[in-house]
Participant: 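My questions all concern the structure below.
Quick note on labels: first sequence line is chain A, next is B, and so on, each numbered from 1.
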Amino acid sequence: MSADRDVTRIVRSWLEEGATALPDRVLDTVLDQLPATPQRRAAWPARRFLSMDIPARLAATAAVALVAVIGAIAIPKGGGISAPGASPHPTPTPTPTPSPMALPLNPQELMVTEPGTFLAGDPFQIPITMNVPAGWVGKVGGPYAAYLDRAPVGNGDAYIEITLSQTIYADPCHDRGFLAPQPGPTVDDLAAALARQPGFVATTPTEITVDGYSGKVLTLTAPASFDACTLSPDGYRLWRLPLGGIFAFNPGQHATLRIVDVDGKRLVISSDTFPTTNAQELAETQAIVDSIRIAKTN
Amino acid sequence: MDAELIGRAQRGDEEAFASLAVASGDRLHAVAHRILRDIDLAEDATQQALLAIWRDLPQLRDPARFDAWSYRLLVRACYAEGRRARQWTPNLHILAANVPAGEGLSSVVDRDQLERGFRRLSLDHRAVVVLHHYLDLPLDQVADVLGVPVGTIRSRLHHAMRGLRAALEADARPAAQEVAQ
């Protein structure tokens, strides 16, 4: 009983046991109540892309391809992420025109099926575009988070989280609540606090620029096992967002955290990989991060 | 699921919905039973979920997503039943009659320990385990069904499996003192 695979197999076998057939009386009760249960008519949200009808979908796909081509031509070479020594002054790049496809908004749809240039925008507070290759899914989680995941999503697959307004936990390994006091408001404050987090192998924060915005980058690597931890119900957690989203690590997870100040908002772009993440996904993850453009917000 | 059937039910065709309910009822009930671990609560949750599906079906834009969407409504119903009942029986040992020895499930003790471990999990964690390990939904689809980030799903699954593993690794307890339901 030592291998996780064995536990998974036993749990799956156990779940196969149990009731499967819905009694007729329950079904009859439901059908009897239909006449007295009015249906709610639809009011379609405008932003849903993946549920478009076929002509609109074809048109949108064509637009994505066009944007991807235009983006490849029009994106300035000075953008993206670079090492220290780049321009010290932010040179924000306007959102490419025509507009890229919007990442779908949580919780309406999760999947993004077409590669191309996507916008993590409203309600996410900082409009960000990025080139998403085939095989990735993503969504805007709300005002504070946007996500991209390599599909099929599972342990070992890379993902990217773009977040704002993190509240840092005191200890990922044990449930000791939030760090007190929380880091100060600057990029350096947050980078230093993260580098001091217990339970991770952390690198020293170094200078970075993301699309002309200066900041700090560091990496955090979680231990290969959490067996010595009591853990909170949400796992090996690093921070919580204002609406409840929690950034938690799996064993061996490696996060590269890029922290930049965008017009007074502290943005964190995290790319997350695992010891089992393959070379292609690592390259795709880096390419997405390198393609990130931050639109001017004021 | 038949898109034409879904379309008719969306337009208020009760016969079409009856066909949908027959086709999906067993599947929904099986999931509810595995999350709630109580046959009566599972029946109530399935009934509520089917009525919610009927009520909200016109708002389902993409019929191809019917299954995932119906699971979302079912899990909500399970949460509601779980909150309403609050009558978990963590010390009961439930033994199904003539349960075959499943592959890899070595003994009654294993079942009992799994049952205990599973009942100690929150409904959030149970739902993730059932959707992923019983329905074989990929984690991104589980996240879609439950409306939470994939990272949270990963974390919940890790925590839940850790708890179940700990339950399996616990010392075997005598089954004679336990009550069969």
Side-chain angles (χ1 to χ4, degrees), chain A residues 1 4 6-23 26-27 29-31 33-35 37-44 48 50-51 106-107 109-111 137 141 145 147 149 151-155 159 161 226 231 233-237 245-251, chain B residues 10 12 14 17-18 21-22 25-26 28-30 33-34 39 42-43 46-47 50-51 54-59 61-62 65 96 99 102-106 110-111 114 122 124-125 129-130 133-134 138-141 143-144 147-152 154-156 158-159 161-162 164-165 168-169:
Chain A
M1 190 50 56
D4 288 343
D6 289 341
V7 175
T8 298
R9 185 166 51 83
I10 291 172
V11 168
R12 283 176 171 260
S13 176
W14 174 71
L15 286 171
E16 286 300 318
E17 300 172 359
T20 54
L22 180 66
V26 177
L27 197 56
T29 302
V30 170
L31 298 180
Q33 292 184 34
L34 294 187
T37 308
Q39 288 186 307
R40 294 173 181 159
R41 294 293 126 192
W44 304 121
R48 295 178 66 158
L50 292 168
S51 299
N106 182 51
E109 297 282 358
L110 180 63
M111 301 295 290
V137 298
Y147 310 95
D149 256 279
V153 176
N155 290 342
Y159 66 96
E161 294 194 343
F226 300 156
L231 288 182
D234 293 310
Y236 204 82
R237 58 194 186 182
I246 291 172
F247 183 20
F249 283 64
N250 277 336
Chain B
Q10 285 182 309
E14 294 181 9
F17 180 78
V22 167
D26 287 354
L28 295 174
H29 179 57
H33 185 232
R34 279 150 184 80
I39 197 72
E43 288 180 5
T46 307
Q47 180 176 319
L50 285 169
L51 283 171
W54 162 257
R55 190 182 59 234
D56 293 343
L57 196 53
Q59 300 181 37
R61 179 66 181 267
D62 183 0
R65 298 194 65 254
V99 174
E103 183 184 354
L105 195 53
S106 59
D110 276 351
R111 286 193 192 87
L114 273 175
S122 71
D124 284 337
H125 291 82
V129 172
V130 172
H133 284 312
Y134 178 65
L139 295 187
D140 60 332
Q141 289 185 28
D144 192 20
V148 298
V150 174
T152 303
R154 280 198 188 96
S155 176
R156 286 180 184 173
H158 175 78
H159 177 79
M161 296 305 289
R162 186 170 180 266
L164 294 176
R165 177 179 175 175
L168 283 168
E169 290 176 341

Participant: Relative to the ring of A/Tyr236, is the ring of A/Phe226 parallel (under 30°), tilted (30 to 60°) or perpendicular (over 60°)?
Facilitator: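 The rings of A/Phe226 and A/Tyr236 lie parallel, inter-plane angle below 30°.
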Participant: With a 4.5 angstrom heavy-atom cut-off, is it the side chain or the backbone of A/Leu27 that approaches chain B, or both, or neither?
Facilitator: side chain
Participant: For B/His133, is it the side chain, the backbone, both, or neither that has a heavy atom closer than 4.5 Å to a heavy atom of chain A?
Facilitator: both
Participant: What is the minimum heavy-atom distance between B/Pro149 and B/Ala143, and which atoms define it?
Facilitator: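 Smallest interatomic distance, heavy atoms only, reads C-CB, 4.2 Å.
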Participant: Is there a side-chain contact between A/Tyr159 and B/Asp140 in this structure, where contact means two heavy atoms from C-beta onward sitting under 4.5 Å apart?
Facilitator: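 A/Tyr159 does not reach B/Asp140 side chain to side chain.
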Participant: With a 4.5 angstrom heavy-atom cut-off, could you sort out which part of A/Pro35 is near chain B: side chain, backbone, both or neither?
Facilitator: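 Both parts, backbone and side chain.
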Participant: Does any N or O in the side chain of A/Glu161 come within less than 3.5 Å of the main-chain N or O of A/Tyr147, such that one atom is a donor and the other an acceptor?
Facilitator: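 No; judged by distance alone, with no hydrogens or angles, the pair does not exist.
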Participant: Where does A/Thr37 contact chain B at under 4.5 Å (heavy atoms): side chain, backbone, both or neither?
Facilitator: both
